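Everything below concerns the one structure shown next.
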Amino acid sequence: MNPRVRFSPSPTGQLHIGGARTALFNYLFSKHHQGKFLVRIEDTDLERSKKEFTDQICESLNWLGLEWDEELVYQSQRIKLYHEAISVLLKSGNAYQCFASKEELNKIREDTGSYLYPGLWRNKDQKNVALEIQKGTPFTIRLKTPETGETSFDDLIYGSITVSHSEIDDFIIARSDGSPVYNLTNVVDDYDMSISHIIRGEDHIANTPKQILIYKALCWTVPIFAHLPMILGQDKKRLSKRHGATGVQTYRDEGYQSEALLNYLSLLGWNPGTEEEIMSLSKIIDQFDLLKVHKKSAVFDDKKLNWISGQHLGMQANEDILIRIRLIKPNWGKTESNDFCLSVINLMKGRSKSLLDLIENSVYYFQDPTEFNEKVLRKTWKDDTSNIVESVHSILDSMEIWNAELLEDTLKDFMESNELGFGKVMKPVRLAICGRVNGPSLFLIMELIGQSTCIRRINKAIGTF
RNA sequence: GGUCCGUUCGUCUAGUGGUUAGGACUCCAGGUUUUCAUCCUGGCAACAGGAGUUCGAUUCUCCUACGGACUACCA
């Protein structure tokens, strides 16, 4: 099987987590089966579609690494195709012009309580139609849907779904300005692009029977459908802007890496059937099976994303992390050598959740600390501390070889011979050097940032506190 | 309101007509660590409810409740 699938965002906003998941599952399915992954921009809503969003969506997809295999398709450039389909439908009697106004329809809806179009112009004779056209009355074009029977399809994920035709009205396929509507353009494009599997959000299930009716009216083969469960926010409501960080770019800017985000997303509604959770994209592609995707929607959990992100970071090569950091902070660590930066990364990657997390917690490797937490300071720097640190200072000052091992031996000797506890000595020293009381092994930090820097910072602390 | 869909720890999930219902995240406790984080060990925590089928249902069927999607001249 060499499926052709597509991700079809509408450029009315940036790519969000839900869209990214849809794109990902399309991508995974196509790559698992050596198929093609395409992207189509659904920009037929002229009022809301914006070029900047198209750019933003593409940028996000690129960042995620979900590259499409053929040229981008823009619906706005294929109007002719839609008009051809509409005219075929009109000619074959599968569609008709409807001259009812919005007001008229709204009134009927209010009166009857039914939202279904009652077929006002379904069987009007040519005379009436000609008269309205002569008058210049605006008209929409509706599909003439069957009145009896039902439409059903086998969803790869949801199984068999059946809807009675009595629930499907003669819906609009072209607006009064002549422009085609989503259900029509979608079908025309999927057919034209030879899409074999339509993988999209569960919110499209209700559209599917309508689209199938269009396929049939056009005598086209109906593709295979697979609807993905929704991703919800913590409040179990569908993910949207009010849930804060839902844009893919926000995650990028917060220092998450695409592999981690993709890994987490892949585990929402799917799992490989093993207990493995940390996986590379190629491993996920390898394991992926659309048939094992759930029907149940999943809640997006930042905590687990953080964990997965941290796991990826911890396993990643230092060089690679440096490249990624420079992508979001081009000047990071530029005051020091590459080796120095790599050492910082090596010390910090195991304890960081994201690139940004790593960056923010590594400031003291590059700059003398300037801000000290008042409470921590009071707890750490006691009356006799300055004297102790003074002694440490002179020991450090006299050292001729500077490495972690020697530092540890020397300072331990000092503590033992003076019967001082580790915390009493090393905590204030750490505070002086790092501006905080936690972090990796202080001896390793001291070795890395060097003798003169350590002494300068300790000096400053003694003078200040 | 109508149509469609869903329901295993707080969250992501595994699983079976008979299991101590398993794992992961979070949280808590202990250990390791100069500190914090990591790491290791342990712990808390779930089959929505009610009928039915059955010797036996979390698992099969139905009903109810709850949740969601759709119900546009948006996509």
Side-chain angles (χ1 to χ4, degrees), chain A residues 8-13 42-49 75 98 100-102 105-106 109 113-117 138-142 155 157-159 161-164 166-169 171-183 185-186 200-210 227 229-230 232 234 236-238 264 267-271 273-278 294-308 310-311 314 348-353 357 361 380 408 411-412 415 421-427 429-431 434 436-443:
Chain A
S8 55
S10 65
T12 53
E42 308 222 329
D43 53 356
T44 52
D45 182 351
L46 274 5
E47 304 213 338
R48 296 195 304 148
S49 296
Q75 288 195 322
C98 166
S101 68
K102 276 184 202 174
L105 292 173
N106 281 336
R109 277 175 200 151
S114 167
Y115 289 94
L116 299 180
Y117 173 75
F139 61 89
T140 57
I141 296 171
R142 292 178 181 270
D155 191 284
I157 292 166
Y158 281 87
I161 293 176
T162 302
V163 174
S164 166
S166 60
E167 298 296 331
I168 303 174
D169 65 354
F171 58 93
I172 290 175
I173 54 175
R175 304 184 183 95
S176 49
D177 65 359
S179 65
V181 162
Y182 165 75
N183 279 125
T185 58
N186 209 262
R200 71 218 315 190
E202 178 232 40
D203 48 333
H204 288 286
I205 285 184
N207 282 322
T208 306
K210 289 183 178 180
H227 288 91
M230 301 274 95
L232 313 176
Q234 297 290 343
K236 305 213 175 191
K237 295 263 193 266
R238 191 179 167 178
Y264 176 63
L267 260 16
L268 253 29
W270 174 82
N271 75 288
T274 64
E275 290 190 346
E276 206 172 355
E277 294 195 295
I278 305 301
H294 290 183
K295 299 179 178 132
K296 189 192 160 196
S297 48
V299 175
F300 190 89
D301 181 16
D302 295 304
K303 298 238 176 69
K304 186 131 186 181
L305 203 218
N306 277 336
W307 178 75
I308 287 180
Q311 293 290 312
M348 299 301 292
K349 68 177 179 182
R351 54 178 62 237
S352 304
K353 297 293 174 216
D357 189 31
N361 288 315
T380 311
E408 183 164 359
L411 290 174
K412 272 186 175 164
M415 288 181 266
F422 251 103
K424 204 151 171 57
V425 179
M426 297 308 286
K427 260 208 167 155
V429 173
R430 181 188 287 276
L431 184 69
C434 304
R436 58 175 73 188
V437 289
N438 51 42
S441 160
L442 186 54
F443 305 115

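Just so we're on the same page: letters track the sequence lines, and every chain starts at 1. Bear in mind the structure is a predicted one, so any value in this text is a computation, not a measurement. Hydrogens, waters and symmetry mates play no part in the numbers below; they use all other heavy atoms, side chains included.
- A:Gly201 comes within contact range of no nucleotide atom at all, as no heavy-atom separation falls under 4.0 Å.
- Across B:rC44 and B:rU71, the matching P atoms stand 47 Å from one another, rounded to whole Å.
- In this entry the distance linking OH of A:Tyr182 with C1' of B:rC73 reads 16 Å, nearest Å.
- In this entry the distance linking CD1 of A:Ile157 with C1' of B:rA69 reads 15 Å, nearest Å.
- Look at CG on A:Asn183: it is 13 Å from P on B:rC70, rounded to the nearest Å.
- Every residue two or more places apart in sequence or in another chain that forms a side-chain hydrogen bond (donor to acceptor under 3.5 Å, both in side chains) with A:Asn306 is listed here: A:Tyr256.
- Across the C1' atoms, B:rG6 and B:rC47 are found 15 Å apart, a figure rounded to whole Å.
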Atom pairs, protein N/O to nucleotides 59-63 of chain B N/O, distance under 3.5 Å:
none

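- Applying the side-chain contact (heavy atoms from CB on, under 4.5 Å) rule to A:Lys236 yields the partners A:Leu232, A:Val299; only residues at least two apart in sequence or on another chain are considered.
- Rounded to whole Å, the distance from CD1 on A:Ile278 to P on B:rC12 is 17 Å.
- Between atom CG of residue A:Leu268 and atom CE of residue A:Met230 there is a gap of 12.0 Å, rounded to the nearest 0.5 Å.
- Following rounding to the nearest Å, A:Phe300 (CZ) and B:rG10 (P) show an atom-to-atom distance of 21 Å.
- Here the P atom of nucleotide B:rC73 and the CG atom of A:Asp177 are 13 Å apart, to the nearest Å.
- A salt bridge links A:Lys304 with A:Glu277: at least one charged nitrogen is closer than 4.0 Å to a carboxylate oxygen.
- Taking the ring centre of A:Phe171 as origin, the terminal cationic atom of A:Arg142 falls outside the region bounded by 6.0 Å and 45° from the ring axis.
- Taking A:Asp45 as the reference, A:Glu47, A:Arg48, A:Ser49 meet the side-chain contact (heavy atoms from CB on, under 4.5 Å) condition, with sequence neighbours excluded.
- Using a 4.0 Å heavy-atom criterion, one finds that A:Thr185 contacts no nucleic acid atom at all.
- Ranking B:rU13, B:rC73, B:rA75 by closeness to the A:Arg109 side chain, first place goes to B:rC73.
- Distance check, rounded to the nearest 0.5 Å: SG of A:Cys98 to CG of A:Leu105 gives 6.0 Å.
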Pairs: protein N or O with nucleotides 3-8 of chain B N or O, under 3.5 Å:
residue, atom, partner, partner atom, Å
B:rU8, OP1, A:Lys296, NZ, 3.1
B:rU8, OP2, A:Lys296, NZ, 2.9

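- Using Watson-Crick or G-U wobble geometry with both donor-acceptor distances under 3.5 Å, B:rC44 finds no partner in any strand shown.
- Between the C1' atom of B:rU11 and the CG atom of A:Asn271 lies a distance of 15 Å, rounded to the nearest Å.
- Among the candidates A:Thr380, A:Asn438, A:Leu442, the single residue satisfying the side chain to side chain contact (heavy atoms under 4.5 Å, CB included) test with A:Lys427 is A:Thr380.
- For the side-chain contact (heavy atoms from CB on, under 4.5 Å) test, residues two or more places apart in sequence or in another chain that qualify with A:Ser179 are A:Arg175, A:Asp177.
- Not a single donor-acceptor contact under 3.5 angstrom links the side-chain atoms of A:Asp203 to the base of B:rA75.
- Applying the side-chain contact (heavy atoms from CB on, under 4.5 Å) criterion to A:Lys295, with sequence neighbours excluded, gives A:Ile157, A:Tyr158.
- B:rA21 is unpaired under the Watson-Crick or G-U wobble criterion, no partner having all donor-acceptor distances under 3.5 Å.
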Between the protein and nucleotides 43-45 of chain B, are there any N/O to N/O pairs under 3.5 Å, and if so, what are the atom names and distances?
none

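- Remark: A:Tyr182 pairs with A:His204 by the ring-ring contact (aromatic ring centres under 6.0 Å, His included) rule, at least two apart or across chains.
- Here, B:rU59 and B:rG18 have their P atoms 11 Å apart, quoted to the whole Å.
- As rounded to the nearest Å, B:rA57 and B:rU41 have P atoms that lie 38 Å from one another.
- Pair assignment for B:rC60: B:rG52, on the basis of Watson-Crick or G-U wobble contacts that are both within less than 3.5 Å.
- Nucleotide B:rG6 has B:rC66 as its partner under the Watson-Crick or G-U criteria, with both atom distances under 3.5 Å.
- Partners of A:Asp357 according to the side-chain hydrogen bond (donor to acceptor under 3.5 Å, both in side chains) rule, which considers only residues two or more places apart in sequence or in another chain, are A:Asn361.
- Separating the CG atom of A:Asp155 from the P atom of B:rA69 is a distance of 18 Å, rounded to the nearest angstrom.
- Scanning for ring-ring contact (aromatic ring centres under 6.0 Å, His included) contacts around A:Phe139 gives A:Phe99, with sequence neighbours left out.
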(request) Going 5' to 3' through nucleotides 22-38 of chain B, assign each nucleotide B (protein heavy atom under 4.0 Å from a base atom), S (under 4.0 Å only from sugar-phosphate atoms) or - (no protein heavy atom that close). (result) -SBSS-------BBBB-
